[in-house]
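Just so we're clear, the structure is a prediction, and the values are computed from it rather than from any experiment. In what follows, chains carry the letters A, B, and so on, assigned in the order in which the sequence lines appear, proteins first and then strands, with residues in each chain numbered from 1.
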Amino acid sequence: MADLVTLFQYGFMQRALLAGLLISVVCGLLGVFVVLRRTAPLGDALAHVSFGGVALGIAFGFLPLYVAIVVAVAGGIAMRLLQERRLYGELSLMIVQAAGLAGGIVLVSLVGGLNVDILSFLFAPILTVAWSDVTLIVGLLAVTVAVLAVFYKEFFLVTFDPEGARVSGLPVRALDLGFTVLTAVTVVLAMRVVGILLVSALIVVPAATALQLRLGLRGTLVAAVAIASLCVAAGLVLSVFLNAASGGMIVLVSIAALLASMATAGASTRAVSRGPRSSQPRA
Amino acid sequence: MSAASVAVPLPPNEAAPVVRVRRVSLEREGQEVLRDVDLSVERGEILGIVGPNGGGKTSLLRLVLGLERPTAGEVELFGVPVSRFREWRRIAYIPQHATAFDPHFPAIVREVVLLGRVARRGALHWLGAEDREAARRAIELCGLSGLEGRRVGALSGGEKQRVFIAKAIAARPDLLVMDEPTAGVDPESERRFYDLLSELRAELGLTVILVSHDLGVVSARVDRVACLNRTLVYHGPAAALEDKDLLGRLYGAGRVVIAHGADEPPVHGH
Ligand SMILES: Nc1ncnc2c1ncn2[C@@H]1O[C@H](COP(=O)(O)OP(=O)(O)O)[C@@H](O)[C@H]1O
Ligand SMILES: [Mg+2]
């Protein structure tokens, strides 16, 4: 316990925890919609695209995180446009993802191979978070949460009943595009916590855990934020104590939480299905 | 809001039928789906659309709802061509298989019914007390009181169906369009469904279009029917469906009607 207190006296640990908790809020909120809309592959593809942005930023000496956001948003829009050209859904994701990755790899080779900066984006950068990063994170967090809050009812409706939403006059196409842009921003933020390779896990796994609790949508969103925050905090602390990679540790903790919730939910479902509700309906 | 405020005063063009379909044809990828369909739905009417699978019932609804455009002909809603119709919040649509949505979707009855208010409230406005009251009343009308906090995925088929109807009427629509609402519902729930429909019409002045493949039940519970098998085989009072000959033409010998469609005019009972 004393160790834990000492640990949080370090500035790098405070910044990492603060950034991690802020990002968990976005990941939890957006993750629930990502799981329900079955767009997890989109998040993964955008993460790979943003590698191209990071490489671009590093190659030309801009702030990689900012460039990554621009590239990820552009990539997300490109995926949507390709999908509307009737290219098979997964194919359009794959093409844009490949373009981002390939561009990144070429850039990296041109500037002289994988350097420490790029490696840090691929793996566990959160303990290196600077105050300037925290400022950017706070800004994007505010925008993302505000957009989700303002369009909560619209996102809920298009997720639950897309056809009915279209008939009632909702701008479904604009909402889909908006959702893609939010995902792109969230992916880049989450990249700062767990690295490019594990981004989609941080978005999706806590949301999937919250869905096991069988709450309403509002309850599920709150639970997802709480679970994501706990997993990030626990993973961070564990990684420091064990001197292990923080991104990997956070995702492992998240997956452990998911498995635990699935085991609990499975047990209660079996108990219920033996109850009266499983009896045959009257003929 | 009181029940009296539900009966919206009629703006001038409200004398027109709620829906008018004129000589509508639809082709998809060279396949003829509908040919020369003429149809009207009057205010306060319950119209049943029946016909064999693949007869074009869902396609006709999608044309009426502006989700697809006809190859030929025109559709009018409240006297306005569908392409220029803007008051979509007056129309609620419950698609085919709506109740077969992901059973693990995390939404409770109250949340789903409230979704019916989204289009009415408009962007950048939070749902408020008036919306919650409309949702509460829709829940009550549909006999769902006591189930507000239950997850929709955990309800029975009949209950889920009533949740979707409550969501639809929470928007206080003038027209409710339902595609096969009683498919996979037990007979008791089906009876309750039609009772509820009659009540809603009396209470809210609702106009209803519903698709069904259960001729027997439909003919007893709707005002008029439209029998659709690529062409409109019959459009008129439901009582005429007792006619065995008509049923034969609609289902059994349906292909003959299509093959000789040009020289065998469809029956229009009025
Ligand atoms: N999205 C679609 N694309 C192409 N053809 C379709 C589509 N939906 C339906 N069809 C075809 O259109 C015809 C009418 O289908 P539908 O309107 O669904 O009939 P019903 O609802 O009466 O069963 C069928 O031949 C069907 O195969
Ligand atoms: Mg159909």
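Inter-residue side-chain proximity for Val35(A) and His104(B) is flagged as unmet; no heavy-atom pair is nearer than 4.5 Å. Taking 4.5 Å as the limit, every side-chain heavy atom of Leu170(A) sits out of range of all side-chain heavy atoms of Trp88(B).
Separation of atoms NZ (Lys167(B)) and OG (Ser168(A)) is listed at 7.0 Å; rounding is to 0.5 Å. Rounding to the nearest 0.5 angstrom, the gap separating the CD1 atom in Ile108(B) from the OG1 atom in Thr220(A) is 9.5 Å.
Using a 4.5 Å cut-off between non-hydrogen atoms, the part of residues 153-164 of chain A that approaches chain B consists of Lys153(A), Glu154(A), Phe156(A), Leu157(A), Thr159(A), Phe160(A), Asp161(A), Glu163(A), Gly164(A). Contact residues of residues 70-79 of chain A toward chain B are absent (heavy-atom distance under 4.5 Å).
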Note to self: I'd like to know whether Arg38(A) forms a side chain to side chain contact (heavy atoms under 4.5 Å, CB included) with Asp102(B), so could you lay out the CA-CA distance, the side-chain angles of the two residues, the decisive distance to 0.1 Å, and finally the verdict.
What the structure shows: CA-CA 11 Å; Arg38(A) 295 183 166 71; Asp102(B) 173 11; 3.7 Å; yes
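Taking a 6.0 Å sphere around CZ of Arg28(B), one finds it holds more than 12 heavy atoms contributed by other residues, nucleotides or ligands.
Of the listed residues Pro106(B), Ala98(B), Ala119(B), the one with more heavy-atom pairs under 4.5 angstrom with chain A than any other is Pro106(B). The choice from Val32(A), Val150(A), Leu36(A) that makes the most heavy-atom pairs within less than 4.5 Å of chain B is Leu36(A).
Proximity of a side-chain donor or acceptor of Arg151(B) to a complementary backbone N or O of Leu215(A) within less than 3.5 Å is detected. Glu111(B) places a side-chain N or O within 3.5 Å of a backbone atom of Arg218(A) that can act as its donor or acceptor partner.
Contact of Ala165(A) with chain B is not made at all, since no heavy-atom distance falls under 4.5 Å. For Leu115(B), the parts sitting under 4.5 Å from any heavy atom of chain A are the backbone and the side chain alike. Proximity to chain A (any heavy atom under 4.5 Å) is shown, for Arg86(B), by neither the backbone nor the side chain.
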